[in-house]
Engineer: 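Pasting a structure here, questions to come.
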Amino acid sequence: MKIGELAHRTGVSLRSLRYYEQQKLISPIRADNGYREYSPFAVEQVETIKFYLNMGFSTEQIGGFLNCVLQNKESFCRDVLPVYESKIAELDEQIRLLGRIRSNLHERVQAILEERRISPGIPIEGAMDDGNHDDR
DNA sequence: CTTCTGACA
DNA sequence: TGTCAGAA
């Protein structure tokens with residue numbers, strides 16, 4: 001099938017489909033006219049890519065265990081463990097930062113309700129870090 | 001009409 | 001990621 005059909009059947013934009021290819025997550029073959037030709041498996045492949053992207057993994061990380069996960073239908077691929085663990089650690093870090101922001105705001109709310117004055121805007125370390133891992 | 005690549009008021 | 005251009 002051509003890119004238009006795959007996009008329609010997966011709900012992924014043409015742009016993203018081409019981007020996944022750039023990131024080596026999918027490798028469609030080229031027809032004589034230069035059009036990308038996807039195998040019918042591309043549908044499930046793109047869906048698993050979307051799944052991991054939503055899990056917060058970078059395209060680079062996904063590229064690492066995609067084939068393994070794709071073949072061993074949700075089975076075990078030991079190489080994914082370290083990736084999953086680092087992701088969990090990353091989430092713990094984000095949760096820690098969010099907790100700081102939360103308590104900071106909570107304190108301000110209380111101050112306002114109690115008509116109490118508190119310290120001015122004090123930046124929270126690392127709070128502005130969106131932890132991006134993408135980009136080739 | 002569909003796809004391709006490259007680029008960004 | 002969207003989107004537009006110019007070409008095939």
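What's counted below: heavy atoms across the whole structure, side chains too, no hydrogens, waters or symmetry copies. Keep in mind the model is a prediction, meaning the values are calculated, not measured. Quick note on labels: first sequence line is chain A, next is B, and so on, each numbered from 1.
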Engineer: Rounded to the Å, how far apart are A:Y19 OH and B:dC4 P?
Structural biologist: 18 Å
Engineer: If you only use heavy atoms from C-beta on, which nucleotide in B:dC4, C:dT1, C:dG2 is closest to the side chain of A:S13?
Structural biologist: C:dG2
Engineer: Do NZ/NE/NH1/NH2 and the carboxylate oxygens of A:E93 and A:R96 come within less than 4.0 Å?
Structural biologist: yes
Engineer: At 4.0 Å (heavy atoms only), tell me whether A:R18 reaches a base, stays on the sugar-phosphate, or touches nothing.
Structural biologist: base
Engineer: According to a strict under-4.0 Å criterion, is A:R36 in side-chain N/O contact with OP1 or OP2 of B:dC4?
Structural biologist: yes
Engineer: Whole angstroms only, please: what is the CG-C1' distance between A:D32 and B:dT3?
Structural biologist: 15 Å
Engineer: Roughly how many Å is it from CZ in A:R15 to P in B:dT3, rounded to a whole number?
Structural biologist: 16 Å
Engineer: With a 6.0 Å cut-off (strictly less than), is the heavy-atom count around CZ of A:R117, excluding the residue itself, greater than 12?
Structural biologist: no
Engineer: What's the closest nucleotide to the side chain of A:I3 if the choices are B:dT5, C:dT1, B:dT3?
Structural biologist: B:dT3
Engineer: Separation of A:Y38 atom OH from B:dT2 atom P, in whole Å?
Structural biologist: 16 Å
Engineer: A:E5 CD to B:dC1 P: how many Å, rounded?
Structural biologist: 19 Å
Engineer: Respond yes when some side-chain nitrogen or oxygen of A:S16 is under 4.0 Å from OP1 or OP2 of C:dT1, and no when none is.
Structural biologist: yes
Engineer: Would one find a side-chain N or O of A:R30 under 4.0 angstrom from OP1 or OP2 of B:dT5?
Structural biologist: yes
Engineer: Could you check A:R100 against A:N104 for side-chain hydrogen bond (donor to acceptor under 3.5 Å, both in side chains), going step by step and ending with a plain yes or no?
Structural biologist: CA-CA 6 Å; A:R100 283 188 146 247; A:N104 185 302; over 6 Å; no
Engineer: Can A:K2 and A:E5 be counted as an ion pair, charged N to O under 4.0 angstrom?
Structural biologist: no
Engineer: Does the B:dT2 base have a donor-acceptor partner in the side chain of A:Y35 within less than 3.5 Å?
Structural biologist: yes
Engineer: For the ring pair A:F57 and A:F51, is the centre-to-centre distance below 6.0 Å?
Structural biologist: no
Engineer: Could you tell me the separation between the CG atom of A:L6 and the P atom of B:dT3, rounded to a whole number of Å?
Structural biologist: 11 Å
Engineer: Can you check the A:K2 NZ to B:dC4 C1' distance for me, whole Å?
Structural biologist: 14 Å
Engineer: Once you round it to whole Å, what is the distance between P of B:dC4 and CG of A:L14?
Structural biologist: 8 Å
Engineer: Any strand counts, and the cut-off is 3.5 Å on both contacts for Watson-Crick or G-U wobble. Which nucleotide pairs with C:dT3?
Structural biologist: B:dA7
